[in-house]
Amino acid sequence: MKRFKKNPNDDDTEKVSDFDTHTVLRDPDRKLGLSFMRAMGILVVCLMVFSVLFSVSVVLRDPPSDGVLEASEARVFQPGVNKVVELEDHSSGSADVHKDKLLGGLLAAGFDEGSCLSRYQSASYRKETPQKPSAYLISKLRSYEALHKRCGPHTESYKKTLDALKSGHYSGSSDCNYVVWISFSGLGNRILTLASAFLYALLTNRVLLVDPGIDMPDLFCEPFPEASWFLPADFDLKNQFSSLDQKSPHCYGKMLKNNSISNLGEHGVPSYVFLHLVHDYDDQDKLFFCEQDQTFLQKTPWLIMKTDNYFVPSLFLIPSFEQELSKLFPNKETVFHFLGRYLLHPTNTVWGLITRYYKAYLANADERIGVQIRVFDAGTGPFQHVLDQILACTIKENLLPEINKQESISITSGTPKSKAVLMTSLSSGYFEKVRDMYWEHPTVTGEVIGIYQPSHEEYQQTEKPMHNHRALAEMYLLSLTDVLVTSSWSTFGYVAQSLGGLRPWILYKPENQTAPDPPCRRALSMEPCFHAPPFYDCKAKTGIDTGALVPHVIHCEDMSWGLKLVDRQDWL
């Protein structure tokens, strides 16, 4: 502070001016008191600064509680470490977070994140996978996105090709060709067939258009930037989708039977072909998987596909696709893992179901175990032999500990390990029995076991929107577990294991209401099973075991006649 010279007209006081030009009178007798007050002020300021620094250090070390977390959509849980990850790109580590959000380049940047939170948040709920998409797959997806933008609904190219469909005949080449996926069958089947149709579109340079059905827009976000994948409501053939079958004149198998393809002439091409690839398809329909038939189909601008099969394994047996598939997927067992995580982003409504349940019941466990139960037996459950099989598998494989019936409480040193078991089933009976078992008895290991089941719908309700919302949420929650047990033949389980990059323990299908022995086995790969593959040698025109042609296409563990992709031959 600056001291002014004393004015002779003043009394024994002196005027002092501070930086704010406020004037105070200072009596010499008060100097000591003011000095003490200054010292106290400095001490208070120091204490305040120290308090702020201490608070900041505590917040950085220990994240806020779940209640605080819910208030911010920009934070999500990172499983395994129970911490949150900031999704905003304004820190020194933002490049790493951004790269993680894009799944190693699998996803395209530039989407409005708020419109589909799962697209970029889902990476923070999963453990980092050792599997990485190939550079060729990433490049192919970016090329496809450009193609879809150029040829998608309501573009000039789309309108031009649509005119050919309306005319009933087509000759010449088109800038854009399409495969239309018909929404058909249960949700698990739809998810698997959607990935199959998209891979076929990639291999044949076609644009995939999706029939919205009753609920597809409510379940999944748009996967491609700046263009919709949903078929417009005014598409000419949409009203015929439910009636298309093997008897339809444009069904490929029917056309082969009637020789109608040869009647088209050398340059004639049908305006569209219906591909009936449902489980009841016949030998002519199955010729879709032959090289020479693909040559003909390549000329057709519109392919309308109805299927309930994950037919990807048989695409690997078509010679003209072999080299391309090897470049796209050097590791053969990652096909659905990458295509599913690229295509299938739950809408915000479904994502809310997933994240709320995960945070409430699964996030804080040391280990998460998924048990997916699908029972094909007639009658109402729960069945004792199914329960016996579940417990035999999980305890034998050391997934769950045995209970101690001799003691009422376990005495362990330190903090016991916690395991959260997520069970999914149409019935609540299995959940209740396993929950009660671990509630009424301590474990021999001292581990704390929590048993949870999100829903029990009692029977499959495919046409009910909320049923499918919950089904998708449960598939996704299962995919977020560390260890997974699934049921034979279940597409629900296939989706969960492949999205999660998990090799599950598969419960063998019971026979004669008896628990199988052994109760389960470890899957050879994370890939789904193709339940109804063709057994036909296209060149020799004779039957053949298509599960013995190449090392990476083998028979499924849970269905001896099915086909699946594997990569590591040392598992065999």
Side-chain angles (χ1 to χ4, degrees), residues 76-81 100-101 103-104 106-107 118-133 187-188 191-192 194-195 220 310 312 329 331-346 350-351 353-355 357-359 361-363 365-374 393-394 397 399 419-424 452 454 470-488 490-507 520 522-529 557-558 564-568:
V76 295
F77 272 93
Q78 183 176 1
V81 293
D100 187 48
K101 283 163 48 175
L103 305 180
L106 188 72
L107 303 181
S118 67
R119 188 191 316 277
Y120 297 132
Q121 286 187 3
S122 61
S124 297
Y125 282 79
R126 299 187 184 279
K127 287 183 175 179
E128 186 174 354
T129 174
Q131 309 293 351
K132 303 298 179 186
L187 182 58
I191 290 173
L192 296 178
L194 193 52
F220 299 106
Y310 180 72
V312 167
F329 303 101
N331 184 342
K332 307 297 189 299
E333 70 165 307
T334 61
V335 176
F336 184 83
H337 177 66
F338 287 135
L339 295 186
R341 296 185 73 179
Y342 171 76
L343 287 174
L344 305 169
H345 309 292
V350 179
W351 188 239
L353 295 175
I354 295 166
T355 54
Y357 200 90
Y358 185 89
K359 293 172 187 177
Y361 302 106
L362 306 178
D366 294 315
E367 184 178 19
R368 286 158 287 276
I369 300 167
V371 180
Q372 180 263 330
I373 305 166
R374 177 66 193 274
C393 175
T394 53
E397 300 298 339
L399 308 180
K419 290 186 176 182
V421 181
L422 176 72
M423 300 184 72
T424 65
Y452 309 102
R470 290 172 178 166
L472 177 56
E474 291 184 12
M475 287 183 209
Y476 213 96
L477 283 166
L478 286 170
S479 79
L480 298 178
T481 59
D482 304 306
V483 179
L484 185 60
V485 178
T486 62
S487 298
S488 291
S490 175
T491 55
F492 195 105
Y494 295 158
V495 172
Q497 72 192 42
S498 296
L499 280 180
L502 302 168
R503 265 202 308 133
W505 276 264
I506 304 175
L507 297 168
C520 60
R522 190 78 184 273
L524 297 176
S525 80
M526 66 180 90
E527 272 289 294
C529 178
E557 307 89 346
D558 58 332
K564 73 177 297 182
L565 291 165
V566 297
D567 197 69
R568 302 182 187 177

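The figures that follow rest on heavy atoms only: side chains count, while hydrogens, waters and symmetry mates do not. Treat the numbers as computed from the prediction; the structure is a model and nothing was measured.
Within a 6.0 Å sphere centred on OH of Y361, heavy atoms belonging to other residues, nucleotides or ligands number 12 at most.
Residues that satisfy the salt bridge (Lys or Arg N to Asp or Glu O under 4.0 Å) test with K564, not counting sequence neighbours, are E557.
Here the shortest heavy-atom pairing between V495 and G188 reads CG2-O, 3.9 Å. Residues L194 and L343 share a closest heavy-atom pair of O-CD1, 4.3 Å. Between V371 and L478, the shortest heavy-atom distance links the atoms N-CD2, 4.0 Å. Contact record, T129 with R341: CG2-NH1, 4.2 Å, taken as the closest heavy-atom pair. Contact between Y357 and P454 at its shortest, heavy atoms only, is OH-N, 3.4 Å.
Between the E333 side chain and the M526 main chain, a donor and an acceptor come within less than 3.5 Å of each other. No side-chain donor-acceptor contact under 3.5 Å links T486 to the backbone of I506. Not a single donor-acceptor pair under 3.5 Å links the side chain of S490 to the backbone N or O of S487. Side chain of R368 to backbone of L362: a donor-acceptor contact under 3.5 angstrom is found. Between the side chain of R522 and the main chain of R503, a donor-acceptor pair closer than 3.5 Å is present.
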Worked verdict on S479 versus R126 for side-chain hydrogen bond (donor to acceptor under 3.5 Å, both in side chains): CA-CA 9 Å; S479 79; R126 299 187 184 279; 3.1 Å; yes

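Side chains of E527 and Y310: a donor-acceptor N/O pair is present below 3.5 angstrom, by distance only.
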